[in-house]
Amino acid sequence: FWTALCHEIGKPELADDPQFATFKDRLAQRDALTDLLDDALSGATTGDWLSRLQGKVPVAPVRTPREALHDPELARRGKIANVPLRSGAEYRLLTAPIQAGEPRQRACSPMGFDTDAILREAGFSEEEIARFRRANLI
């Protein structure tokens, strides 16, 4: 992909530069290479680069979570979920990028929801839990 990238960004000389010949070389020269690539890539928009590079090198836009939540392609692929909250409202979120089995999105319990049960399970008495609460420890 390196040679294709160099040609597409208008820097074919980088493909033949011995300091960037291998992945290991490029990694060793990462700071210098980042500056060169930033200069080249800043000459066009993300959309322009995507249209030029897609199908030639692995490429995808970097988006904010807000941008990603409004991406129709992510929605179409089921990468956005609406999770019902206890209040009845829904919370919109991005699903995990890697799925193992059936996806399971659910809202977490409100802060402190399970505190008493967890403390009981840890062996604290009702009296101790009440004392923790009075002391504003929980």
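All residue numbers in this chain count up from 1 along the given sequence. Just so it is clear, the structure is predicted and the values come from calculations on it, not from any experiment.
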Cluster overlap [X] with [Y], hydrophobic side-chain contacts below 4.5 Å:
{"X": "Val59", "Y": "Leu74", "value": "no"}
{"X": "Phe124", "Y": "Phe113", "value": "no"}
{"X": "Leu41", "Y": "Phe1", "value": "yes"}

Please report the interatomic distance [atom1]([X]) to [atom2]([Y]), rounded to the nearest 0.5 Å.
{"X": "Arg66", "Y": "Asp71", "atom1": "CZ", "atom2": "CG", "answer": "15.0 Å"}
{"X": "Leu36", "Y": "Glu13", "atom1": "CG", "atom2": "CD", "answer": "8.5 Å"}
{"X": "Thr22", "Y": "Leu27", "atom1": "OG1", "atom2": "CG", "answer": "9.0 Å"}
{"X": "Thr3", "Y": "Asp16", "atom1": "OG1", "atom2": "CG", "answer": "7.5 Å"}
{"X": "Leu94", "Y": "Arg63", "atom1": "CG", "atom2": "CZ", "answer": "8.5 Å"}
{"X": "Leu69", "Y": "Thr64", "atom1": "CG", "atom2": "OG1", "answer": "8.5 Å"}

Whether Asp39 and Lys11 form a salt bridge (side-chain N of Lys/Arg under 4.0 Å from carboxylate O of Asp/Glu) is what I want to check.
no
When you check the gap from the basic side-chain N to the acidic O, do Glu73 and Lys79 get nearer than 4.0 Å?
no
So which atom in [X] and which in [Y] form the shortest heavy-atom distance, rounded to 0.1 Å?
{"X": "Thr46", "Y": "Pro61", "answer": "CG2-CB, 3.9 Å"}
{"X": "Val57", "Y": "Ala4", "answer": "CG1-CB, 4.0 Å"}
{"X": "Cys6", "Y": "Ala15", "answer": "SG-N, 3.5 Å"}
{"X": "Trp49", "Y": "Ala40", "answer": "CZ2-O, 3.5 Å"}
{"X": "Val62", "Y": "Glu67", "answer": "O-OE1, 4.4 Å"}

Under 3.5 Å, side-chain donor or acceptor atoms of residues 81-91 against the rest of the protein: list the pairs with distances, not counting sequence neighbours.
from	atom 1	to	atom 2	distance (Å)
Arg86	NH2	Ser109	OG	3.2
Ser87	OG	Ala89	N	3.3

Considering only heavy atoms from C-beta outward, does the side chain of [X] approach that of [Y] to under 4.5 Å?
{"X": "Arg26", "Y": "Gln19", "result": "no"}
{"X": "Leu93", "Y": "Ile80", "result": "no"}
{"X": "Trp2", "Y": "Phe23", "result": "no"}

Criterion side-chain contact (heavy atoms from CB on, under 4.5 Å) on Ile138 and Phe132, from CA distance to verdict
CA-CA 6 Å; Ile138 58 173; Phe132 294 156; 4.0 Å; yes
side-chain contact (heavy atoms from CB on, under 4.5 Å) evaluation trace for Glu128 with Leu119
CA-CA 9 Å; Glu128 289 171 308; Leu119 290 173; over 6 Å; no
Please walk me through it: do Arg120 and Glu126 pass side-chain contact (heavy atoms from CB on, under 4.5 Å)?
CA-CA 7 Å; Arg120 277 188 217 100; Glu126 294 299 325; 2.3 Å; yes
